[in-house]
Amino acid sequence: MIHQFRYNMMDRRYETEGLKSTLKELGVGSISFSPLAQGILTDRYLHGIPEESRAARNHFLKEKDIQAAVVEKVERLNRMAGERGQTLAEMALCWNLRGDNLNTVLIGASRPEQIENNVKILTGTDFSEEELKKIDEILAE
């Protein structure tokens with residue numbers, strides 16, 4: 001048995017609403033989707049909304065979801081990722097895979113190079129306690 005849910009740095013209901021502990025207790029596997037928050041946890045929207053983007057199409061991700069406060073947090077996370085030698089997308093995927101109770105992370109790649117870049121995370125999933133605390137502080141503001 002396996003359960004699939006939305007989970008990323010900005011949407012932590014998996015942790016905060018008890019799903020993580022319940023699945024672990026029941027021995028149920030877990031798969032997360034939207035680890036990049038529909039592209040928000042990449043550098044794609046740091047300088048506006050590209051014409052060909054999901055937000056421009058107003059499908060799942062809407063322009064209203066990319067407010068100045070969100071962009072500011074993403075800029076700070078992007079700098080942190082650079083300090084780790086990663087792109088923001090790589091860091092966000094690594095963040096999703098930290099811990100012991102997540103079996104799989106689904107990625108919504110639309111281009112082959114996105115998949116090639118995402119595979120790079122397999123060598124850098126560790127975070128220090130200080131890094132995790134910094135991520136929490138950035139997103140709490």
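None of these values were measured; they are calculated from a predicted model. The chain is numbered in sequence order, starting from 1.
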(message) Parallel, tilted or perpendicular, judged at 30° and 60°: which one describes the rings of His3 and Phe5?
(response)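 Parallel: the ring planes of His3 and Phe5 meet at under 30°.
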(message) Run the side chain to side chain donor-acceptor pair (under 3.5 Å) test against Arg6 and tell me which residues pass, sequence neighbours left out.
(response)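 Partners of Arg6 by the side chain to side chain donor-acceptor pair (under 3.5 Å) criterion, ordered by chain and then number, come out as Asp11, Ser34.
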State the [atom1]-[atom2] distance between [X] and [Y], to the nearest 0.5 angstrom.
X: Ile135; Y: Lys73; atom1: CD1; atom2: NZ; result: 13.5 Å
X: Lys133; Y: Glu130; atom1: NZ; atom2: CD; result: 8.5 Å
X: Thr87; Y: Leu41; atom1: OG1; atom2: CG; result: 11.0 Å
X: Gln86; Y: Met80; atom1: CD; atom2: CE; result: 9.5 Å
X: Met91; Y: Leu36; atom1: CE; atom2: CG; result: 11.0 Å
X: Ser128; Y: Asp126; atom1: OG; atom2: CG; result: 10.0 Å

(message) Are Leu139 and Arg12 packed together at the side-chain level, in the sense that at least one heavy-atom pair is separated by less than 4.5 angstrom?
(response)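 They are in contact (side-chain heavy atoms under 4.5 Å apart), so the answer is yes.
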(request) Can you establish whether the number of heavy atoms outside Glu113 located under 6.0 Å from its atom CD is more than 12? (result)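 Buried by this count: over 12 neighbours within 6.0 Å.
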(message) If the threshold is 4.0 Å, N to carboxylate O, is there a salt bridge linking Glu131 and Arg98?
(response)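 Looking at Glu131 and Arg98, the cut-off is not met.
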(request) Quickly, which of Asn78, Val74, Leu88 forms a side chain to side chain contact (heavy atoms under 4.5 Å, CB included) with Asp43? Name it, please. (result)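 Checked Asn78, Val74, Leu88 against Asp43; only one passes side chain to side chain contact (heavy atoms under 4.5 Å, CB included): Asn78.
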(message) Evaluate Asn8 against Met10 for side-chain contact (heavy atoms from CB on, under 4.5 Å), listing each step before the verdict.
(response) CA-CA 5 Å; Asn8 57 62; Met10 300 178 121; 3.4 Å; yes
(request) Over all heavy atoms of both residues, which pair between Pro35 and Ala92 is shortest? Give the atoms and the distance, please. (result)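 Reported closest heavy-atom pair: O-CB, 4.1 Å.
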(message) Show, in sequence, the C-alpha distance, side-chain angles and deciding distance for Tyr7 and Ser30, and conclude whether the side-chain contact (heavy atoms from CB on, under 4.5 Å) test is met.
(response) CA-CA 11 Å; Tyr7 180 57; Ser30 54; over 6 Å; no
